[in-house]
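To start, the structure itself, in structure tokens.
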Amino acid sequence: MGEINYVRGDATVPSVKGVKVIAHVCNDIGGWGKGFVLAVSRRWPEPEKEYRAWHRARAGNDFGLGAVQFVRVERYVWVANMIGQRGTRTGSKGVPVRYEAIDTALGLLADRAAELGASVHMPRIGCGLAGGKWSRVEPLVTERLVRRGIAVTVYDHED
């Protein structure tokens, strides 16, 4: 069994060959404008456009915690918009991250990555603005992706 590969760099610029899925966590209220999504939007307009359309039409689709939207941005590159965050603010109910939703989304991501024969690239999902702890997310990534033989690279942004 493999393990997660940790590197310094930008998760929107994976330097491996083959099909790649760049995965990140989005909120469940349609907000896009802070954190890793800014790096995504600087490279490609489609993920934000598709996420906003998905949220707008949510009454008739699967938009919600645990859902994943796959957006093809280049011939061999996809972006996975994973809904793993309730709202955007820390409040009486704690931080926005929802580990169960991330777990569900990672299962869907694993299915699609396996189908595409893709490697997965991500920042430390759910641990920035969502307020999560990597010590809780890492085992989910290992269980859902690595144990299925999917190559995973986690990027720590260089300061």
Can any side-chain N or O of E50 pair as donor or acceptor with the backbone N or O of Q69 at less than 3.5 Å?
no
Nearest heavy-atom approach of A130 to P96 is O-CD, 3.2 Å
Between V68 and A80 the two heavy atoms that sit nearest each other are CG1-CB, 4.0 Å
Excluding W54, membership of its hydrophobic cluster (Ile, Leu, Val, Met, Phe, Trp, Tyr; side-chain heavy atoms within less than 4.5 Å) reads I22, W32, F36, V37, V40, W44, Y51, F63, L65, V71, V73, V77, V79, I83
Here the gap from H55 atom NE2 to N61 atom CG, rounded to the nearest 0.5 Å, amounts to 10.0 Å
Report yes if some heavy atom in the side chain of P14 is under 4.5 Å from a heavy atom in the side chain of T153; otherwise report no.
no
Contacts satisfying ring-ring contact (aromatic ring centres under 6.0 Å, His included) that involve residues 74-131 (not counting sequence neighbours) are H121-Y155
Residues passing the side chain to side chain donor-acceptor pair (under 3.5 Å) test with N5, sequence neighbours excluded, are none
Sorted by chain and number, sequence neighbours left out, salt bridge (Lys or Arg N to Asp or Glu O under 4.0 Å) with R148 holds for D111
Hydrophobic cluster identity match, V16 and V141, side-chain contacts under 4.5 Å: no
- M82 versus T104: any side-chain heavy-atom pair under 4.5 Å? no
Query raised in the report: Under 4.0 Å between a Lys/Arg side-chain N and an Asp/Glu carboxylate O for E115 and R112?
Result: yes
Quiz prompt | ILVMFWY network linking V154 to V13, side-chain heavy atoms under 4.5 angstrom | solution = no
| query | Mind checking whether E138 and I4 have side chains closer than 4.5 Å, heavy atoms only? | reply | yes
One should read off an interatomic distance between L145 CG and S119 OG, to the nearest 0.5 angstrom, of 11.0 Å
When every non-hydrogen atom of G87 is compared with those of N27, the smallest separation belongs to O-CB, 3.3 Å
Residue pairs meeting salt bridge (Lys or Arg N to Asp or Glu O under 4.0 Å), one or both in residues 64-89, sequence neighbours left out, come to D28-R86, R43-E74
To the nearest 0.5 Å, atom CD1 of I150 lies from atom CG of L116 at 10.0 Å
Note to self: Quick check: is L140 connected to W134 through a chain of hydrophobic side chains (ILVMFWY, heavy atoms under 4.5 Å apart)?
What the structure shows: yes
Taking every heavy atom of C127 against every heavy atom of V137, the minimum-distance pair comes out as SG-CG2, 4.1 Å
Sorted by chain and residue number, the side chain to side chain donor-acceptor pair (under 3.5 Å) partners of R52 (sequence neighbours excluded) come out as E48
Rounded to the nearest 0.5 Å, the CG atom of D10 sits from the CG atom of D156 at a distance of 12.0 Å
Smallest heavy-atom separation, A105 atom then A67 atom, equals CB-O, 4.3 Å
In short, M122 meets V120 closest at the heavy-atom pair CE-CG1, 3.6 Å
Side chains of T88 and L129, heavy atoms from C-beta outward: is any pair under 4.5 Å? no
Value for CG (L109) from CD1 (I125), rounded to nearest 0.5 Å, stands at 8.0 Å
